[in-house]
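Written out below as structure tokens is the structure these notes cover.
As the structure is a computational prediction, the values presented were derived from the model and not from experiment. Just so we're on the same page: letters track the sequence lines, and every chain starts at 1.
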Number of protein chains: 2
Amino acid sequence: MGRWPGGTQERLQEAAIELFTERGYERTTVAEIATRAGLTERTFYNHFADKREVLFPGQDAFIAGIREAVTAAPEEKSPLDAVLAAFTAGSDWFDRHREAAQRRRQLLDAHADLRERERAKVAALGEAIAGALRARGLPDPAATLTASVCAAAHQLGAARWLADPEEGTLAHHLRASFEDLRRTARTW
Amino acid sequence: MGRWPGGTQERLQEAAIELFTERGYERTTVAEIATRAGLTERTFYNHFADKREVLFPGQDAFIAGIREAVTAAPEEKSPLDAVLAAFTAGSDWFDRHREAAQRRRQLLDAHADLRERERAKVAALGEAIAGALRARGLPDPAATLTASVCAAAHQLGAARWLADPEEGTLAHHLRASFEDLRRTARTW
DNA sequence: CAGATTGATTGCAGATTCTGAAATCACCGT
DNA sequence: ACGGTGATTTCAGAATCTGCAATCAATCTG
């Protein structure tokens, strides 16, 4: 639609990652990001709620997708299996963007502000899963606790996926983490 | 310690809670909080890293206390029991401040900014527990997963404690939540 | 007791984040 | 050609947060 070159969000994200990598998160201003992308500061805020959000593109859509996948999972599946299936369903997209994910992770690790936002996203993922599990008929407190631990297992799996020198798939590491979870839970 | 009236942090916290309750979080400025406490905006920032932090007094000390208690727990205790004991150890302090905790919770529930900070604190608690469990000899990934689920159970117990019309103790609700956790985990 | 020290508070300047409202711009259908 | 549409821009401004120097009163020191 528009005479403006498309991919505005993408250009802003790329500019942001470049600048954050060059000078660090705090030392780059939103105005600088926008300028590098050939846009203005105000346009940045038309696309992202705040400065941090530029590093979490599509997270809300991802969470919504997980919610729907869990809700729509076959009834006979156990809660954990339903969530694991939802996680692995679109995981090859991440496999195709492994390198970008690694760069992003370095940035998150280096700045407390960004880690705080990430933890909020993880918590939001957990709450979304909890809602979906309740919709499947799992009552509280099981829904809340199961959802929290699934979100934790997802974090664990993603961390191992990024750290794996063999470059195994995300789906593989997610399955392994859920297996570890079951093993660990038996000791509780 | 000084000619200035003591309890500066406490006065700022009370002023903040009052104003947040009256007009909401976004609609009160740091300058207003400081003025109501008889201080200046700059002094507020001498005591709190940012505007949100005024609603999380002593959280870092609390987390440090849990870390130490878990680390120092008797070796024969299971990880879950060690964490539960750490949680319940100082929980009567909260019982004595139940009403304040409820007011605080209402504020957190009403403002996404504040919930984000809370989730970050919960995550920090989880990471502290994970470190303590590793120090006790529990290897990863069990340490990470156990710590996450303990933090989740703590949240659950605290929520029930605040919602309980019978006003049962926090320790009681924490034990109940850990019991629910074990029960739920058996179904995984 | 005068003087130095200390620690908390203050004043001020300024960069930066984020918002609201109105204006601009070019594509698109009619 | 003309108006609608959606994205971008411009502008003004409030609020957050930081750095630095100054102030102030209590306490320590000789």
With a 3.5 Å cut-off and sequence neighbours excluded, list the donor-acceptor pairs that the side chains of residues 134-147 of chain A form with protein atoms.
from	atom 1	to	atom 2	distance (Å)
A/R134	NE	A/D140	OD2	2.8
A/R134	NH2	A/T144	OG1	3.3
A/R136	NH1	A/A73	O	3.0
A/R136	NH1	A/P74	O	3.4
A/R136	NH2	A/K77	O	2.7
A/D140	OD1	A/T144	N	3.1
A/D140	OD1	A/T144	OG1	2.6
A/T146	OG1	A/A142	O	2.6
A/T146	OG1	B/W188	NE1	3.2

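- No side-chain heavy atom of A/F20 sits less than 4.5 Å from a side-chain heavy atom of A/R27.
- For D/dT8, the OP1/OP2 oxygens have a side-chain nitrogen or oxygen of A/T8 closer than 4.0 Å.
- A/D180 and A/S177 share no donor-acceptor pair across their side chains, judged by distance under 3.5 Å alone.
- Across the protein-nucleic acid pair, A/K51 atom NZ and D/dC17 atom P stand 13 Å apart, rounded to whole Å.
- Between C/dT19, C/dT9, D/dT8, one nucleotide has an atom nearer to the side chain of A/L39 than all others, and that is D/dT8.
- In this structure, A/D50 places its CG atom 8 Å from P of C/dT19, rounding to the nearest Å.
- The CZ atom of B/F44 sits 17 Å away from the P atom of D/dG19 (whole-angstrom rounding).
- One interatomic measurement links the two molecules: CZ of B/R117 to C1' of D/dT16, which rounds to 13 Å at whole-angstrom precision.
- A sub-4.0 Å separation between OP1 or OP2 of D/dT8 and a side-chain N or O of A/H47 is present.
- Put simply, CG on B/N46 is 13 Å from C1' on D/dA21, counting in whole angstrom units.
- Looking only at side-chain heavy atoms (C-beta outward), A/T184 and A/E179 stay at 4.5 Å or farther from each other.
- C/dA8 atom P lies 14 Å from atom CG of B/L12, rounded to whole Å.
- Listed by chain and residue number, A/E18, A/L19, A/R36 satisfy the side chain to side chain contact (heavy atoms under 4.5 Å, CB included) test with A/E22 (two or more places apart in sequence, or in another chain).
- A salt bridge does not link A/D113 with A/K51: every distance from a Lys NZ or Arg NE/NH1/NH2 to an Asp or Glu carboxylate oxygen is 4.0 Å or more.
- At D/dT9, one or more side-chain N or O atoms of A/T40 fall inside 4.0 Å of OP1 or OP2 (strictly under the cut-off).
- Checked against a 6.0 Å centroid threshold, the rings of B/F62 and B/F56 do not count as neighbours.
- To the nearest angstrom, C1' of C/dT17 lies 12 Å from CZ of A/R42.
- Shown for residues 16-35 of chain A: residues whose heavy atoms fall under 4.0 angstrom of DNA chain C, namely A/T28, A/T29, A/V30.
- Protein atom CG of A/L114 is 13 Å distant from nucleotide atom P of C/dT17, rounded to whole Å.
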